[in-house]
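First the structure, in the form of structure tokens, and then the observations on it.
When a ligand or atom number is given, it counts from 1 through the structure's own listing order.
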Amino acid sequence: MLKKDGHSHTEFCPHGSGDDVELMIQKAIKFGFEEYSITEHAPLPPNFRQDYEGSADGIDEAALALSDLPAYFKKCQQMQAKYRDQIRINIGFELDFLPSQLTWTREFWREYGPKTTDNVLSIHFLKGKNNHYWCVDNTPAEFKTGLLENAVDDAQRLYGQYIDALITAVGTDLGVNAPHRLGHLTLIKKFQDYFALPSRFDQNNMRKIYQLFSLLRQRHFEIDLNTAGLFKPYCNEIYPYPELARLADTEGIPLVYGSDAHSVSAVGRAYHEVEQFLN
Ligand code: ZN
Ligand code: FE
């Protein structure tokens with residue numbers, strides 16, 4: 001099996017460490033990775049601001065600026081060429097699925113999709129209070145105000161809403177070279193230990209998960225086996241959690257390791273913990 005990291009970030013990420021992607025690649029090579037996908041957060045649609053509520057940094061620091069795209073591609077292409085003999089580097093994006101901004105997203109993708117070779121589709125924003133989109137993963141306070149209170153203290157209901165949004169995302173055609181890997185599918189549990197939320201989906205949500213998995217299979221999607229959650233102070237588990245990863249494996253959905261590294265120190269993290277799920 002090819003050793004691959006399918007989800008990583010760069011110095012272009014406004015909420016990252018600023019670590020140079022070259023140092024991250026050098027570490028991946030040292031760790032024996034044969035394939036490495038650079039998947040920076042794709043720029044958000046400018047009009048998404050109208051749909052969004054929450055702290056300014058939640059939207060301002062979420063993704064690449066449109067003006068950084070040329071520099072991003074240039075740097076990634078330089079890395080690809082420089083390390084060609086040591087590692088296969090993919091250039092791509094972690095694309096946000098925003099149902100209210102599909103026209104912009106499709107136009108963006110029409111232009112940039114063809115320049116990419118591997119991508120991740122993620123949901124970081126969910127509709128909550130005031131019918132606005134709120135950050136799923138920015139701060140516990142925002143999560144509570146925007147999403148948890150709206151779910152009337154029923155975390156399973158919120159989980160269900162997230163899974164429904166994933167189902168819509170996977171079922172939507174975004175165009176040429178559209179992402180075919182679903183990012184951190186239990187990100188909605190990032191603050192589970194802060195609010196003592198249930199760590200496992202209930203029966204009703206598991207029905208939704210089966211529905212999601214069958215759609216993933218049908219649409220030839222992979223799952224991002226993302227170890228970042230293990231190191232989030234209030235999450236403390238991988239995305240998706242181990243039973244779901246096992247189930248996905250049983251259901252024949254390919255799982256691809258994703259460090260989701262935003263720094264050199266996170267490259268290759270917990271790879272051995274999840275090796276058992278990779279085939
Ligand atoms: Zn990020
Ligand atoms: Fe993400």
Side-chain angles (χ1 to χ4, degrees), residues 5-21 24 36-45 48 52 54-66 68-69 72 75-76 90-98 101 105 108 116 118-126 133-139 142-143 147 162-163 165-166 169-170 174 178-192 221-235 237-241 244-245 255-267 269-270 274:
D5 188 339
H7 186 160
S8 73
H9 296 271
T10 68
E11 67 269 30
F12 293 96
C13 179
H15 59 257
S17 62
D19 285 359
D20 192 321
V21 66
M24 296 170 72
Y36 189 87
S37 300
I38 309 173
T39 53
E40 196 49 84
H41 297 281
L44 291 172
F48 180 61
Y52 170 84
S55 71
D57 66 301
I59 186 164
D60 292 336
E61 293 173 20
L64 258 182
L66 275 166
D68 274 339
L69 283 169
Y72 173 63
K75 176 67 179 277
C76 292
N90 294 303
I91 307 173
F93 292 106
E94 178 177 13
L95 182 68
D96 262 282
F97 182 77
L98 301 166
Q101 297 291 336
T105 304
F108 172 84
T116 67
D118 195 30
N119 300 285
V120 177
L121 186 65
S122 293
I123 292 184
H124 300 101
F125 301 93
L126 198 60
Y133 283 85
W134 293 77
C135 278
V136 169
D137 61 340
N138 198 25
T139 63
E142 273 176 82
F143 176 84
L147 299 171
Y162 193 75
I163 305 166
L166 294 173
V170 174
L174 294 169
H180 61 96
R181 185 174 324 117
L182 188 59
H184 42 60
L185 92 78
T186 50
L187 185 69
I188 194 68
K189 299 193 320 106
K190 181 174 175 180
F191 301 123
Q192 61 179 0
F221 260 67
E222 302 165 335
I223 287 176
D224 172 38
L225 187 53
N226 187 311
T227 55
L230 202 51
F231 306 95
K232 301 295 179 193
Y234 306 124
C235 185
E237 73 184 2
I238 57 172
Y239 312 121
Y241 60 79
L244 288 190
L255 294 151
V256 176
Y257 169 76
S259 67
D260 202 349
H262 288 67
S263 64
V264 172
S265 65
V267 173
R269 256 194 327 193
V274 300

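Looking only at atom types and distance, the side chain of Glu40 has a donor-acceptor partner in the side chain of His9 under 3.5 Å away. Between the side chains of Asp224 and His7, at least one donor N or O sits under 3.5 Å from an acceptor N or O.
Looking at His124 and the Fe ion (ligand 2) together, the shortest N, O or S contact belongs to NE2.
When distances to the Fe ion (ligand 2) are checked against a cut-off of 2.8 Å, Glu94 contributes an N, O or S atom below that limit. In summary, His41 places an N/O/S atom under 2.8 Å from the Zn ion (ligand 1), meeting the contact criterion. Residue contacts to the Zn ion (ligand 1): His15 brings an N, O or S atom closer than 2.8 Å. Not a single N/O/S atom of His41, whether from backbone or side chain, sits less than 2.8 Å from the Fe ion (ligand 2).
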Step by step, would you call Leu121 with Leu174 a side-chain contact (heavy atoms from CB on, under 4.5 Å)?
CA-CA 10 Å; Leu121 186 65; Leu174 294 169; 3.8 Å; yes
Evaluate the criterion side-chain contact (heavy atoms from CB on, under 4.5 Å) for residue pair Leu182 and Val170; output intermediate values, then yes/no.
CA-CA 8 Å; Leu182 188 59; Val170 174; 4.0 Å; yes
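Remark: Arg181 is not positioned above the aromatic ring of Phe221, lacking an NZ or CZ atom under 6.0 angstrom from the ring centre and at most 45 degrees off the axis.
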